[in-house]
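Since the model is a prediction, treat every value here as computed from it, not as a measurement. We're numbering straight along the sequence, starting at 1.
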Amino acid sequence: EKQWALIEGTRSFQGITSATHQLEGPIVADGREVLGDITTTAGNYFKVLGDQAEVGRVLNETGDEGSAVIGFGFWQHAFASRPLSAGLSVTVRGRTYQVVGVMPREMRSDQVSARYGSVWIPMAAGARGGPIVRLRDGVSLQAAYAELAVVANRLTAVYGEGRPPFQFRLDTFQPPPNVLNDYQRA
């Protein structure tokens, strides 16, 4: 895939995916509108991040266009923890998605979206999101930055004419151990 070309030849990264986040977007669940964080993801999002659903499953790399995964807090609040077999669905931006999984109360990776009210839906074909890379175990942020500088230089050389140079920023998904996110408090 094209996205893999970005990290080809690097030693720091084991996977790349993409996503877009909308904080406090409208979601219809059980006939009522609630505000929640909506993450539109590439098909390999959960695989790259290494996350598994607590109930049901995560989105597959293909064939899940009408499926959604919800956060544990959202499941409790919007659906009173009803089983997935009850046919739970959410409507986001006018499109209805069948809920196929519930993420754990404490996710390992995506703390940005692991908040009360989280919904993950598949990215439309041809859509783009911000790149997310997963570091290999034992790789320091300093080594990752050095390799990202090489990738940025490659991109600037190929696509940079008339544009500012490409740059990357690294963010970690893990909060410090003494910080609880919103739904861990619930």
Side-chain angles (χ1 to χ4, degrees), residues 1-23 37-65 67-73 100-115 118-160 163-184:
E1 290 186 26
K2 281 184 177 180
Q3 63 190 15
W4 281 104
L6 283 175
I7 63 169
E8 201 170 276
T10 64
R11 290 176 288 189
S12 298
F13 310 108
Q14 72 179 38
I16 185 169
T17 188
S18 63
T20 60
H21 299 285
Q22 177 185 355
L23 301 178
D37 296 348
I38 302 164
T39 303
T40 306
T41 71
N44 67 343
Y45 181 79
F46 292 104
K47 180 180 177 181
V48 167
L49 296 181
D51 284 320
Q52 296 296 315
E54 181 162 316
V55 177
R57 63 176 179 81
V58 296
L59 298 175
N60 291 321
E61 292 193 43
T62 58
D64 261 347
E65 292 78 17
S67 302
V69 173
I70 60 177
F72 194 90
V100 297
V102 177
M103 295 310 291
R105 180 183 304 268
E106 296 179 20
M107 288 178 63
R108 290 185 319 110
S109 60
D110 193 356
Q111 296 302 324
V112 172
S113 293
R115 299 176 0 150
S118 298
V119 174
W120 293 265
I121 58 176
M123 200 172 279
R128 298 177 118 156
I132 300 170
V133 294
R134 181 170 181 177
L135 295 180
R136 292 188 192 281
D137 290 340
V139 172
S140 70
L141 289 178
Q142 183 179 6
Y145 268 118
E147 286 201 301
L148 281 176
V150 171
V151 171
N153 288 336
R154 284 185 207 155
L155 289 171
T156 300
V158 174
Y159 304 106
R163 301 177 61 176
F166 282 84
Q167 297 178 341
F168 291 99
R169 182 187 81 214
L170 286 178
D171 292 316
T172 62
F173 286 118
Q174 293 296 318
N178 60 345
V179 175
L180 296 177
N181 63 33
D182 293 344
Y183 89 176
Q184 288 172 317

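- When side chains are defined from C-beta on, Thr41 does not count as touching Thr17, because their heavy atoms never get closer than 4.5 Å.
- For the pair Phe13/Leu148, a side-chain contact is recorded, criterion being any heavy-atom separation below 4.5 Å from C-beta on.
- Put simply, the side chain of Val151 reaches to within 4.5 Å of the side chain of Thr10, judged on heavy atoms.
- The shortest distance between side-chain heavy atoms of Met103 and Val58 falls below 4.5 Å.
- A pairwise comparison of heavy atoms in Phe46 and Leu59 identifies CD1-N, 3.9 Å as the closest pair.
- Residues Ile132 and Ala19 approach most closely at CD1-CB, 3.9 Å, considering heavy atoms.
- Summarising the geometry of Ile16 relative to Asn44, their closest heavy-atom pair is O-ND2, 3.0 Å, with the distance given to 0.1 Å.
- The two residues Glu61 and Lys47 come nearest to each other via the heavy atoms OE2-CD, 3.1 Å.
- Annotation for Arg57 and Asp64: closest pair NH1-OD2, 2.7 Å, computed over non-hydrogen atoms.
- The two residues Ser67 and Pro122 have their closest heavy-atom pair at O-CD, 3.0 Å.
- Summarising the local packing, CZ of Arg136 is surrounded by more than 12 heavy atoms from other residues, nucleotides or ligands at distances under 6.0 Å.
- Between the Arg105 side chain and the Phe72 main chain, no donor and acceptor come within less than 3.5 Å of each other.
- Interatomic distance, Ile70 CD1 to Trp120 CH2, rounded to the nearest 0.5 Å: 9.0 Å.
- One distance of note links CD1 of Ile38 with NE2 of His21; it measures 12.0 Å at 0.5 Å rounding.
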